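To start, the structure itself, in structure tokens.
Order of appearance sets the numbers: ligands from 1, and atoms from 1 within every ligand. Source: prediction; values computed, not measured.
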Amino acid sequence: MQLYNKLSAEERAALIDKSGERRLTLSFYQYAKIDNPKIFRDHLFITWNAMDVLGRIYVAHEGINAQLSLPANQFKAFKEHLDTIAFLKGVRLNIAVEQDNKSFLKLKIKVRHKIVADGLNDETFDVTDKGIHVDANAFNALIEDNNTVLVDMRNHYESEIGHFKNAITPDVDTFRESLDIIEADLKEYKEDKNLVMYCTGGIRCEKASAYFKHKGFKNVYQLEGGIIEYTRQVKEQGIENKFLGQNFVFDDRRAERISDDIIANCHQCGKPFDVHTNCANEACHLLFIQCDECKEEMNNCCSETCKEIHALPYEEQKALRKGQGNSNDIFKKGRADHLPYKKDLRNIFEVLKAKQ
Ligand SMILES: [Zn+2]
Ligand SMILES: [Zn+2]
């Protein structure tokens, strides 16, 4: 029985091109008690592999978090399969705003300790006591309220290219880090302000809202289905869109354009630009924003050093890398001292002071 990928990304890309099929990119998550994630994982792999599903899926005792693509003509069968699983019956599927047949090139289903790396000990608070879920309409009304503090629960490289008007965008590298910073900076507002939060697809807010309630925030709200579902409702119902720029996504599309506003800059020359790239030097791979002119001049690299290394014959590059781990761990994502125009995002206190 095949339980793992057999095709390389290149082989898969060629197959997708050849088939000419239209693929749908979507995501969903569900917190639910799964007794044996390993067996569940294998069951999903066998079923979904047969439907030509590709994507990155995490399964844990606490539930499932899935980002994937599938041939559009398999959508019905896929949905029917989900409905055979009790806790996934009728689950909300976040369909991508911008489609790309090659958003994913492998099917990876992994068993993890948790479905979001939140660093929280779930035994210490009631994870089921969540914030109030609001739809796009209610969210728009809430964020116009003077008594609301709107917080972006994502990391700096995500909010840098797009966020809601007037949102606080903590300058953080990880979700865990953001929780403490937000709690500390907003502690005087626990009783009287509305704490309204959002993230990409809603999953981070599921835990964060419960955590903030546990920490004493009285009025906690979360955007149901995140930016993806908000955008869908805005389009479908003709509601005013209050999201500026691009929605960062964790697949090969990297982002979906939600509004025409360009709120970020090229990290190398400073001109308005909001498309991320990875440094072409295999030993770096830094995620950063680079405009087309800089891309050409720098050969898609983040620094002169990387450009020099990247220009070396492949064998020499490999020899240089030998014995060195990849320098770009998650904490360096989108950050490097040599990028002059990398924005420091707004400090929470400054934003609140400016409001008063
Ligand atoms: Zn530039
Ligand atoms: Zn680099």
Do the two ring centres, one from Tyr211 and one from Phe175, sit under 6.0 Å apart?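 Here the rings of Phe175 and Tyr211 have centres that are no less than 6.0 Å from each other.
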What about the rings of Tyr230 and Phe139, do their centers lie closer together than 6.0 Å?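 Ring-ring flag for Tyr230/Phe139: true, centres closer than 6.0 Å.
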Any Gln268 side-chain heavy atom under 4.5 Å of Phe288 side chain: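 Result yes, sub-4.5 Å side-chain heavy-atom pair found.
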Could you check if a side-chain atom of Phe28 sits within less than 4.5 angstrom of a side-chain atom of Ile64, using non-hydrogen atoms only?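 The answer is yes, as the side chains (C-beta and beyond) meet within the 4.5 Å cut-off.
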Answer yes or no for His267: is there an N/O/S atom below the 2.8 Å cut-off from the Zn ion (ligand 1)?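 Looking at His267, which is the residue asked about, there is no N, O or S atom under 2.8 Å from the Zn ion (ligand 1).
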Where the Zn ion (ligand 1) is the centre, what is the SG-to-SG angle for Cys294 and Cys291, rounded to 10°?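 An angle of 100° at the metal.
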Metal-centred angle, SG of Cys266 through the Zn ion (ligand 1) to SG of Cys269, rounded to 10 degrees: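 The two atoms form an angle at the metal of about 110°.
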Determine whether more than 12 heavy atoms belonging to other residues, nucleotides or ligands lie under 6.0 Å from atom CD of Gln237.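 Atom CD in Gln237 is crowded, with more than 12 foreign heavy atoms closer than 6.0 Å.
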Look at Asp152 together with Arg204 and state whether they make a salt bridge at an N to O cut-off of under 4.0 Å.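 A salt bridge is absent here (no side-chain N lies under 4.0 Å from a carboxylate O).
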With a cut-off of 2.8 Å, which protein N/O/S atoms are close to the Zn ion (ligand 2), if we only count those under it?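 For the Zn ion (ligand 2), the protein N, O and S atoms that sit under 2.8 Å away are Cys279 SG, Cys284 SG, Cys302 SG, Cys306 SG.
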If the test is side-chain contact (heavy atoms from CB on, under 4.5 Å), which one of Asp274, Val275, Ile161, Asn265 qualifies with Ile289?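 Exactly one pass, corresponding to Ile161.
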